[in-house]
Each structure stands twice: as structure tokens, then as C-alpha cells.
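For reference, the structure discussed in these notes is given below.
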Amino acid sequence: MVRSLVAIRDAVAASTETSRTRDTGPAAAAALDYGLSQRALIAVSSRADIVAELITRRLATLAHSGLQALDTVTARAVVRQAVRDVRTAPPVPPADPPADPTVAALRRVVDDLAVSSHAIGELMLDVAPAYLSDSEAADVLALLCEQIGEPLEHGLAARRYAMSGDHRALHGTVL
């Protein structure tokens with residue numbers, strides 16, 4: 001999470017140094033509250049470099065479009081949209097898709113399972129926020145998992161996957 005926030009602040013600071021801003025310096029950009037939830041920062045922590053590159057590109061586009069000053073509202077909107085875009089982006093397809101149609105179909109099924117697991121994980125995070133440990137979350141999620149027909153271990157794994165974005169969190173449960 002800290003890595004994401006540092007990458008975002010560095011991207012905004014670098015862009016404000018190269019843009020035509022007059023009232024927003026790097027110190028002000030570093031202190032800017034982006035209005036991002038802890039969950040959003042955790043969700044993009046493994047892709048912080050992609051978020052930073054997207055923010056830099058969008059702020060540079062704004063600077064070249066004739067924007068005279070980058071105000072905090074605009075910077076905040078650019079950051080929030082970039083984080084949202086990275087969070088909702090579909091998985092990157094492999095560079096060289098498998099030639100075997102059976103393997104390609106299986107890969108699509110696994111990708112669909114991962115997307116569904118992420119959605120379930122987001123639901124689990126709504127009920128048991130990221131600051132709770134797995135054992136504390138298990139106490140809170142037991143009833144929800146029972147109601148939706150999901151084994152508790154699968155719900156906890158989906159919650160870990162939604163927090164990290166790492167498929168390995170699903171190993172042995174869903175995938």
C-alpha cells in the first residue's frame with residue numbers, strides 16, 4: 001500500500017515539475033490527499049508502476065493541452081481515475097496465446113474464475129475490511145459464506161486475492 005502511494009505521489013510531483021504550474025509545487029503535490037481508500041491502494045500495490053505511468057501520461061497530456069495550472073481537484077481526479085482504471089482492467093492476455101485450443105479454452109476459464117473470485121473478494125472486504133487478520137475476518141465472514149454457499153476458506157482466499165491481486169492467494173481453493 002505504501003509503495004502505491006509513494007509511486008502516485010512521485011508521479012504527480014514529477015508531472016507538476018515539468019508542467020506549467022505556478023501555484024502547485026512538488027511539496028504541495030506530495031501533501032495532496034487523493035481520496036483513495038486503503039483497499040484501492042492495496043488493489044494496485046502490485047501494479048504501482050503501471051498506475052504511476054498512467055498518471056504521468058495523463059498529467060503530461062493535460063499540461064500540453066494548454067492547462068495553465070494544475071489544481072488539486074484536477075490532480076486528485078486524474079489519480080483516482082488512473083487507480084480505478086488499473087483496478088478494473090481485465091487481465092493482460094499472454095504474449096503468445098497457446099496454439100492448442102483446449103489449453104486456450106482452459107486459460108479463459110481460469111481467467112473467468114479469477115475475475116469472479118476478485119468480485120467475491122471485494123464483497124468479503126466490504127464485510128471484513130483489510131485491516132482485520134484472517135482469523136478475525138473468519139469470525140465475521142463465517143455467516144456470510146454460509147449464506148452464499150461459499151466455503152469459508154474460499155471466501156478468505158478470495159478476500160486475500162482482492163487485497164493483493166496475486167493469483168497465488170487462490171491456490172488450493174478456487175484455482
Side-chain angles (χ1 to χ4, degrees), residues 1-15 27-56 58-59 72-94 106-175:
M1 181 175 82
V2 172
R3 181 178 154 201
S4 301
L5 193 55
V6 168
I8 290 168
R9 287 183 177 167
D10 289 349
V12 172
S15 295
L32 181 64
D33 173 25
Y34 302 108
L36 298 171
S37 68
Q38 195 174 37
R39 186 181 332 162
L41 291 171
I42 290 170
V44 298
S45 64
S46 64
R47 298 168 287 177
D49 53 335
I50 296 169
V51 173
E53 190 268 326
L54 191 57
I55 292 168
T56 302
R58 289 178 179 176
L59 290 175
T72 56
V73 174
T74 304
R76 185 176 193 216
V78 167
V79 168
R80 289 176 60 92
Q81 185 61 46
V83 169
R84 186 178 306 116
D85 290 349
V86 170
R87 283 182 78 189
T88 59
V92 179
L106 182 59
R107 185 169 283 165
R108 282 191 301 276
V109 168
V110 169
D111 289 343
D112 289 344
L113 276 173
V115 169
S116 298
S117 295
H118 192 273
I120 291 171
E122 290 284 327
L123 172 65
M124 299 295 158
L125 282 170
D126 285 342
V127 175
Y131 62 81
L132 295 177
S133 69
D134 267 5
S135 60
E136 293 169 325
D139 294 338
V140 176
L141 294 174
L143 181 61
L144 173 63
C145 287
E146 182 180 320
Q147 291 295 316
I148 65 172
E150 186 75 21
L152 180 59
E153 285 304 312
H154 290 192
L156 290 171
R159 179 177 174 267
R160 286 189 297 271
Y161 175 55
M163 287 190 293
S164 68
D166 188 350
H167 285 118
R168 293 176 293 182
L170 301 172
H171 181 73
T173 58
V174 179
L175 295 179

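Model, not experiment: these values are computed from the prediction.
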- Can you tell me how far CG of Asp85 sits from CZ of Arg58, rounded to the nearest 0.5 angstrom? 4.5 Å

- Query: So, do Leu113 and Leu170 sit near enough that their side-chain heavy atoms are less than 4.5 Å apart?
  - Reply: no

- Point-to-point distance, once rounded to the nearest 0.5 Å, from CG of Leu144 to CD of Glu146: 10.0 Å

- Item | Closest approach of Ala162 to Gly121 (non-hydrogen atoms, all atoms of both residues) | CB-C, 3.5 Å

- State which residue, out of Val83, Val51, Ile8, fulfils the side-chain contact (heavy atoms from CB on, under 4.5 Å) condition with Leu41. Ile8

- Does the side chain of Val127 come within less than 4.5 Å of Arg159's, by heavy atoms? no

- Minimal heavy-atom distance between Ala169 and Ala157, with the atoms involved, is O-CB, 3.4 Å

- Message: Students often mix this up, so state it plainly: with edges at 30° and 60°, are the rings of His167 and Tyr161 parallel, tilted or perpendicular?
- Response: parallel

- Item | For Glu150 against Gly155, the heavy-atom pair lying closest together | CG-N, 4.0 Å

- Query: Going from CD1 on Ile148 to NE2 on His154, what distance comes out if it is rounded to the nearest 0.5 angstrom?
  - Reply: 11.5 Å

- Item | Side chain to side chain, Thr173 and Leu156, heavy atoms closer than 4.5 Å | no

- Kindly indicate whether the side chain of Cys145, heavy atoms from C-beta on, has any atom under 4.5 Å from the side chain of Met124. yes

- How many angstroms lie between atom CG of Leu106 and atom CG of Asp111, to the nearest 0.5 angstrom? 9.5 Å

- Enter the distance from Asp139:CG to Asp134:CG here, rounded to the nearest 0.5 Å. 11.0 Å

- Message: The criterion is side-chain hydrogen bond (donor to acceptor under 3.5 Å, both in side chains); which residues satisfy it with Arg108, sequence neighbours excluded?
- Response: none

- Note on the structure: Output for pair (Gln81 CD, Ile55 CD1), nearest 0.5 Å, gives 11.0 Å

